[in-house]
Amino acid sequence: MANEMSRRDVVKTGLAAAALGAAGSFEWVLPALAQGEVMVPFTDSHVSPPFNPNPAPDRRLLDTRQIAGAYTPKDQFFTTQHYGHPEIDPAAYRLKVSGLVSTNLALSIDELRKMGNTELIAGFECSGNRRPVQGLVGNGRWTGVPLKTVLDKAGLKADAQEIVFFGADRGKESVVFRATPPMEVEQQYGRSLPRARALAADPAPFLAYALNGEPLTKHQGAPLRLIVPGWYGAPNVKWLSEIVVQNEPYMGKFQTHWYRTLKGEMINGELKWVETGITHLNLKSFVARVTRNGSDHKITVIALSDGTPLKSVEVQIDGGAWAPATVDPSTTAKYGWKLYHLTVKNLAAGEHTLVSRATDVNGKVQPTEKELENKKTFLEDNSQHPRKVMIG
Ligand SMILES: Nc1nc2c(c(=O)[nH]1)N[C@H]1C(S)=C(S)[C@@H](COP(=O)(O)O)O[C@H]1N2
Ligand SMILES: [Mo]
C-alpha cells in the first residue's frame, strides 16, 4: 500500500524526540506505531506532511497522526501568535507586577522557581482549531508557580478587580472605532482574568517556565507563560512580562474584540444575538489518526473538556451504531487532553466515514455541525467532525 507509512518511515520523519524519550523519560510509553502497525491516511481532510518544517515557522500545527504519548514534545507543540516570537534574554528577564498591589514585584525566573516548582498537566487547543486539520492542539506537563502565590506575594488591594497579563510581543493595530482619522497604535498582546478567577483554587491559573521537564522554548513563550487550565489557548499569555492589577475591566483587543463568538440563541421565544468571550474549552473530540495492524483498525480520538469529567467518547462508522472507545490510561489528568482508542475488526475495503462524539458526566453531548449553525464566527468550533479513510 503506497499510501501507508510504516513504523520505520514515521520514526524517520520526525519522531527522533520520541525515540530519545524512550531511553530517558517516563513520558514516552506509547510508541507512535507498534511493530506491524501502519498508518491509514485520511483521504479527505488532512494536509500532507511536513507539518513542522525546519526552521520552525511562525505557526506550526501538530500532526495528530504522529502522537506517540500523552504529552506533546516541544518541537511538535503547536505554535500560533499575533506578533511573532520575541527574543527575551533569560538572565535580564523580570516578571513585573504592579498596579493595585501592596508591593510592586520584579521577579527573575530563579526567584519564581524558589516560590513554586510544582507541576500541572494541561492540554488546550486554539479557539480557532477546526476542520480539516485540527492541528492547533497539544498537551503538556508544565512546571512553574501557581499564579496565586505571586499575587499573594504582591498583595492585592481591596479594590483590585481585574488582573491583566501582558506579553513582551508587540505589534501595530489599527483603531477602527471612533477614531478620526483611523490610526495605528502599537500594542502588547494582553489578556485579563477577573480577580476571583485568578485566585480560584481549582482550576488554578499557573505560571509555567518549563514544558515536559525542559525550559520553555521561545515558541511556547520562554521564559514564562500563563496557563489557565481548562481554557482555550488565547488566555495562555506567552512571553509574560507584566501583570497589571486594576479596578476597571480590561478592554484590550484580544480580550474584548478578537476572541469572541457571535451566536444566535433562542431567548424567551426570540432569536437573540449573543456575543461571548473565549474562556473555557467546549466539550470536543475528533478522530486524530487511524492505523492498521493485520485485520484490526485502531482509531485514536483526542477529547478535550474544561475539566468536567467525560462519561464517554464514542465512534460511529458510516452512520452505524455508536461504539464506545476506551480512554488511554496515560491520559487521565483532569485538565489534560484525553486519548481514546477503538479497535475495529475486519473493516471492509473501500471508503469509510468516521466520526467521534464526547459526552460529559452532566449528559452534555458534543454538538453536530448542524447544531452549531447559529454560531456565525468560526472560533469555538467543537462540532463533531466526520473524517474519511480508504481501506484496502
Ligand atoms: N504573548 C502572546 N501570548 C499568546 C498569543 C500571542 O499572540 N501573544 N497567542 C495566544 C493564542 S491565540 C494561542 S492559541 C496560544 C498558543 O499557544 P502555543 O503557541 O504555545 O501553542 O498562545 C496564546 N498566547
Ligand atoms: Mo488561539
Side-chain angles (χ1 to χ4, degrees), residues 51-52 56-64 71-88 93 95-96 120 122-130 133-144 147 164-173 186-193 205-212 214-244 250 252-261 277-282 284 302 304 336-337 377-382:
F51 275 64
N52 302 330
D58 195 35
R59 198 165 199 240
R60 176 172 65 206
L61 305 181
L62 174 68
D63 184 346
T64 63
Y71 306 113
T72 313
K74 62 180 181 190
D75 58 350
Q76 289 176 40
F77 211 100
F78 81 99
T79 179
T80 186
Q81 51 279 309
H82 295 269
Y83 305 132
H85 299 107
E87 288 286 351
I88 299 176
Y93 172 85
L95 170 67
K96 286 188 236 150
L120 166 76
F124 59 89
E125 64 172 356
C126 173
S127 52
N129 192 36
R130 61 195 191 281
V133 177
Q134 304 277 16
L136 292 167
V137 62
N139 192 47
R141 187 166 59 82
W142 310 90
T143 313
L147 171 66
V164 189
F165 303 87
F166 289 110
D169 47 334
R170 291 159 190 276
K172 283 225 158 68
E173 296 290 343
E186 195 183 74
Q187 305 198 344
Q188 281 172 281
Y189 185 84
R191 289 280 309 189
S192 68
L193 293 171
F206 195 77
L207 301 175
Y209 42 74
L211 169 61
N212 305 331
E214 289 178 75
L216 289 185
T217 64
K218 97 177 157 176
H219 298 86
Q220 262 53 64
L224 190 74
R225 80 177 301 171
L226 176 65
I227 298 284
V228 186
W231 283 28
Y232 280 106
N236 294 337
V237 177
K238 301 195 280 187
W239 313 290
L240 180 66
S241 61
E242 291 174 75
I243 299 178
V244 179
Y250 171 67
K253 170 171 181 156
F254 299 108
Q255 182 69 26
T256 59
H257 300 271
W258 192 278
Y259 289 105
R260 70 207 276 177
T261 292
I278 299 300
T279 59
H280 69 92
L281 289 161
N282 291 295
K284 178 165 175 176
I302 292 175
L304 291 163
W337 73 13
T377 40
F378 70 80
L379 300 180
E380 298 191 82
D381 184 356
N382 66 324

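This chain uses plain numbering: 1 for the first residue, then up along the sequence. In each ligand, atom 1 is the first atom listed, and ligand 1 is the first ligand listed.
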Open item on the list: side chain to side chain donor-acceptor pair (under 3.5 Å) for Tyr83 and Glu173? Distances and angles first, verdict last.
Closed with: CA-CA 10 Å; Tyr83 305 132; Glu173 296 290 343; 2.6 Å; yes
Open item on the list: Out of the candidates Tyr189, Tyr250, Trp239, only one should pair with Phe166 under the ring-ring contact (aromatic ring centres under 6.0 Å, His included) rule; please name it.
Closed with: Tyr250
Open item on the list: Please list the nearest protein heavy atom to atom 21 (O) of ligand 1 with its residue and the distance rounded to 0.1 Å.
Closed with: Phe78 O, 2.6 Å
Task: Atoms of ligand 1, numbered as shown, that sit under 4.0 Å from any heavy atom of Asp169 - done: 1 (N), 2 (C), 6 (C), 7 (O), 8 (N)
Open item on the list: Tell me if the NZ atom of Lys253 is crowded by more than 12 foreign heavy atoms within 6.0 Å.
Closed with: yes
TODO: Provide the number and element of each atom of ligand 1 under 4.0 Å from a heavy atom of Trp239.
DONE: 1 (N), 2 (C), 8 (N)
Open item on the list: Distance under 4.0 Å to a non-hydrogen atom of Cys126: what atoms of ligand 1 satisfy this?
Closed with: 14 (S)
Open item on the list: To the nearest 0.5 Å, what is the distance between CZ on Arg191 and CD1 on Ile278?
Closed with: 8.0 Å
Task: Heteroatom distance test (Thr80, ligand 1): nitrogen or oxygen, under 3.5 angstrom - done: yes
TODO: List the closest protein heavy-atom neighbour of atom 7 (O) of ligand 1: residue, atom name, distance to the nearest 0.1 Å.
DONE: His82 N, 2.8 Å
- [ ] Select the closest option to atom 6 (C) of ligand 1 among Tyr259, Tyr189, Phe165, Trp258, judged by heavy-atom distance.
- [x] Tyr189
TODO: Below 4.0 angstrom from a heavy atom of Phe77, which ligand 1 atoms are there? Numbered from 1 as shown, please.
DONE: 21 (O)
- [ ] For Asn236, counting its heavy atoms only, list the atoms of ligand 1 lying under 4.0 Å from any of them.
- [x] 22 (O), 23 (C), 24 (N)
Task: Subset of ligand 1 atoms that lie under 4.0 Å from at least one heavy atom of Val237 - done: 3 (N), 24 (N)
Open item on the list: Starting from atom 20 (O) of ligand 1, what is the nearest protein heavy atom, named by residue and atom, and what distance separates them?
Closed with: Arg225 NH1, 2.7 Å
Task: Between OH on residue Tyr209 and CZ on residue Arg225, distance to nearest 0.5 Å - done: 15.5 Å
Open item on the list: For a side chain to side chain donor-acceptor pair (under 3.5 Å) check, start with the C-alpha distance between Lys238 and Gln81, then their side-chain angles and the critical distance, and finish with the verdict.
Closed with: CA-CA 9 Å; Lys238 301 195 280 187; Gln81 51 279 309; 2.7 Å; yes
Task: Aromatic ring pairing His82/Phe254, orientation class (parallel under 30°, perpendicular over 60°, tilted between) - done: tilted
- [ ] Determine, using heavy atoms of Arg60 and all atoms of ligand 1, whether some pair is separated by less than 4.0 Å.
- [x] no
Open item on the list: Measuring from atom OG1 of Thr279 to atom CH2 of Trp231, what distance do you get when rounded to the nearest 0.5 angstrom?
Closed with: 5.0 Å
TODO: For atom 3 (N) of ligand 1, find the nearest protein heavy atom and state the residue, atom name and distance (0.1 Å precision).
DONE: Lys238 N, 2.9 Å
TODO: Just need the protein heavy atom nearest to atom 11 (C) of ligand 1, so name the residue and atom and give the distance.
DONE: Ala234 CA, 3.7 Å
TODO: Could you check atom 23 (C) of ligand 1 against the protein and tell me its nearest heavy-atom contact, residue, atom and distance included?
DONE: Gly233 O, 3.3 Å
Task: Check: Val228 and Asn236 side chains under 4.5 Å, non-hydrogen atoms - done: yes
Task: Within the 6.0 Å centroid threshold, strictly below: Tyr71 and Phe77 - done: no
